[in-house]
Enquirer: 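Once you've had a glance at the structure underneath, I'll fire off some questions.
Letters A, B, ... mirror the listed sequences (proteins, then strands); counts begin at 1. Because only heavy atoms are used, hydrogens play no part in the values below, and waters and symmetry mates are left out as well, while side chains stay in.
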2 protein chains.
Amino acid sequence: MAKHDPDLSLLFHALADPTRRSILTRLAETPARVTDLAGPTGLRLPTVMRHLSVLEEAGLITTSKDGRIRTCAIVPEALDPVRTWLDEQRAIWEARLDRLDAFVMKVMKESEE
Amino acid sequence: MAKHDPDLSLLFHALADPTRRSILTRLAETPARVTDLAGPTGLRLPTVMRHLSVLEEAGLITTSKDGRIRTCAIVPEALDPVRTWLDEQRAIWEARLDRLDAFVMKVMKESEE
DNA sequence: ATCATGCTTAGCCATGTCGCTAACTATCGC
DNA sequence: GCGATAGTTAGCGACATGGCTAAGCATGAT
């Protein structure tokens with residue numbers, strides 16, 4: 001409801017990049033090291049690191065370091081706000097369609113008279 | 001499934017801006033003119049025009065011009081790909097949790113033996 | 001015909017994004 | 001300790017984004 005919703009903006013922005021989405025999908029299978037994630041993308045490590053920090057700041061993944069290895073994992077509930085927003089929108093949009101329906105019905109009924 | 005999914009990127013990017021989201025929510029109530037949309041935002045017309053064209057290129061709204069007035073309206077089904085993607089992700093994530101469950105069960109069973 | 005209205009275009013500025021390389025730190029295996 | 005491995009930091013360049021002003025164009029009202 002808040003006018004300023006940094007959370008949603010961060011989430012949507014994080015999801016707006018194909019590389020980040022593919023990293024997410026990869027992580028959905030199983031947690032992985034940074035290098036493992038970099039492999040399929042064909043990108044350099046620092047670039048991947050950057051994507052990971054965007055994902056982490058959006059709350060979509062968590063990372064932890066063990067020795068020299070950083071392991072990344074998804075945060076399943078992180079997508080909830082997105083889902084909620086979508087549901088809200090759909091509710092409003094459908095309400096509007098219903099009203100449009102009602103309007104059409106009314107006009108039709110009136111035209112019959 | 002496609003590695004390159006410009007559609008989703010456009011959609012997510014369009015949704016990543018609070019101004020654009022508020023325009024969408026406003027349009028969900030009823031179609032509106034460009035000036036009507038600019039009002040609440042406190043932004044100048046050219047700036048709003050820009051946001052509108054981003055929304056339109058993402059397929060989230062349609063606009064049509066009658067005389068000197070451009071009317072904007074939402075495209076309700078435009079959010080479907082987003083919803084689909086979310087559902088896919090959730091499916092994978094849940095499958096992973098199930099597998100984790102199975103793994104835990106297996107370990108527990110083995111430890112009993 | 002003239003003027004106000006509603007939108008559009010062009011262009012500027014500050015900042016953000018996405019890729020890179022190069023150099024650095026920290027661990028692990030020997 | 002030494003070298004290989006994993007990650008990190010710093011900084012660069014090209015381009016995109018989000019805001020603005022100023023000026024233009026088309027249409028509606030008088």
Enquirer: B:L43 side chain: which of C:dT21, D:dT17, D:dC20 is closest?
Expert: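 Ranking C:dT21, D:dT17, D:dC20 by closest atom to the B:L43 side chain puts D:dC20 first.
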Enquirer: Going by heavy atoms closer than 4.0 Å, what residues in residues 48-64 of chain A are next to DNA chain C?
Expert: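 Those residues whose heavy atoms fall under 4.0 Å from DNA chain C, taken from residues 48-64 of chain A in numerical order, are A:H51.
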Enquirer: Can you check the B:L10 CG to D:dA16 C1' distance for me, whole Å?
Expert: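 Checked: the CG to C1' distance equals 13 Å.
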Enquirer: Roughly, in whole Å, what's the span from CG in A:D36 to P in D:dT5?
Expert: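 Those two atoms, CG and P, are 15 Å apart.
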Enquirer: Any chain of hydrophobic side-chain contacts (each under 4.5 Å) joining A:I74 to B:W85?
Expert: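 Yes, it is one cluster - the side chains of A:I74 and B:W85 are joined through contacts under 4.5 Å.
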Enquirer: Pull out every stem in DNA chain D, meaning runs of 3 or more consecutive Watson-Crick or G-U wobble pairs with both distances under 3.5 Å.
Expert: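 The stems that DNA chain D takes part in, listed by first number, are C:1-30 with D:1-30.
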Enquirer: Identify the two heavy atoms, one from A:P31 and one from A:T71, that lie closest to each other, and give their separation to 0.1 Å.
Expert: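 Here A:P31 and A:T71 meet closest at CB-CG2, 4.0 Å.
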Enquirer: When you measure from the side-chain N and O atoms of B:R44 to the phosphate of D:dG19, is any distance below 4.0 Å, counting only OP1 and OP2?
Expert: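 No.
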Enquirer: For nucleotides 22-30 of chain D, read 5' to 3', which letter fits each nucleotide if B means a protein heavy atom sits under 4.0 Å from the base, S means only the sugar-phosphate is that close, and - means neither?
Expert: B----BS--
Enquirer: Measuring from B:T63:OG1 to B:L37:CG, what's the distance to the nearest 0.5 Å?
Expert: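 If I round to the nearest 0.5 Å, the distance is 11.0 Å.
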Enquirer: From B:E29 CD over to A:I92 CD1, what is the distance, rounded to the nearest 0.5 angstrom?
Expert: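 B:E29 atom CD to A:I92 atom CD1 measures 6.0 Å (nearest 0.5 Å).
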Enquirer: Is there a continuous path of hydrophobic side-chain contacts, each under 4.5 Å between heavy atoms, that joins A:M49 to A:L27?
Expert: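 Yes, A:M49 and A:L27 fall within the same hydrophobic cluster.
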Enquirer: Using only side-chain N and O atoms of B:H13, determine if any of them is under 4.0 Å from OP1 or OP2 of D:dT17.
Expert: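 The answer is yes; a side-chain N or O of B:H13 sits under 4.0 Å from OP1 or OP2.
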Enquirer: Is any side-chain nitrogen or oxygen of A:R20 closer than 4.0 Å to OP1 or OP2 of C:dC18?
Expert: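 So the side-chain polar atoms of A:R20 do come within 4.0 Å of the phosphate oxygens OP1 or OP2 of C:dC18, strictly under.
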Enquirer: Rounded to whole Å, please give me the gap between NZ in A:K65 and P in C:dT27.
Expert: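 It works out to 7 Å between those atoms.
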Enquirer: For B:L55 versus B:A14, what's the shortest heavy-atom pair and its separation?
Expert: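 Closest heavy-atom pair between B:L55 and B:A14: CD2-CB, 4.3 Å.
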Enquirer: Using the closest heavy atom to pick a nucleotide of DNA chain C for each, name whichever of B:R33 or A:G42 lands nearer the 5' end.
Expert: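 This one resolves to B:R33.
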Enquirer: Between atom CG in A:L45 and atom P in C:dA26, what is the gap in whole Å?
Expert: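 Whole-Å distance recorded here is 17 Å.
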Enquirer: Hey, what do you get for OG (B:S9) to CZ (A:R21), rounding to the nearest 0.5 Å?
Expert: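 That separation rounds to 3.5 Å.
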Enquirer: So does A:R50 have more than 12 non-hydrogen atoms from other groups sitting under 6.0 Å from CZ?
Expert: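 Result for CZ/A:R50: open.
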Enquirer: Is it the case that more than 12 heavy atoms not belonging to B:R83 sit under 6.0 Å from its CZ atom?
Expert: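 Yes, CZ of B:R83 has more than 12 neighbouring heavy atoms, counting only those of other groups under 6.0 Å.
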Enquirer: Can you tell me if the side-chain N/O atoms of B:T47 get under 4.0 Å from OP1 or OP2 in D:dG18?
Expert: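 Indeed not, no polar side-chain atom of B:T47 lies that close.
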Enquirer: Mind checking whether B:L86 and B:L24 sit in one hydrophobic cluster, side chains of I, L, V, M, F, W, Y counted as touching below 4.5 Å?
Expert: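 Yes, because B:L86 and B:L24 connect within a single hydrophobic cluster, where side-chain heavy atoms sit under 4.5 Å apart.
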Enquirer: Under 4.5 Å between side-chain heavy atoms, hopping through other hydrophobics if needed: is there a path connecting A:I61 to A:I69?
Expert: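 Different hydrophobic clusters.
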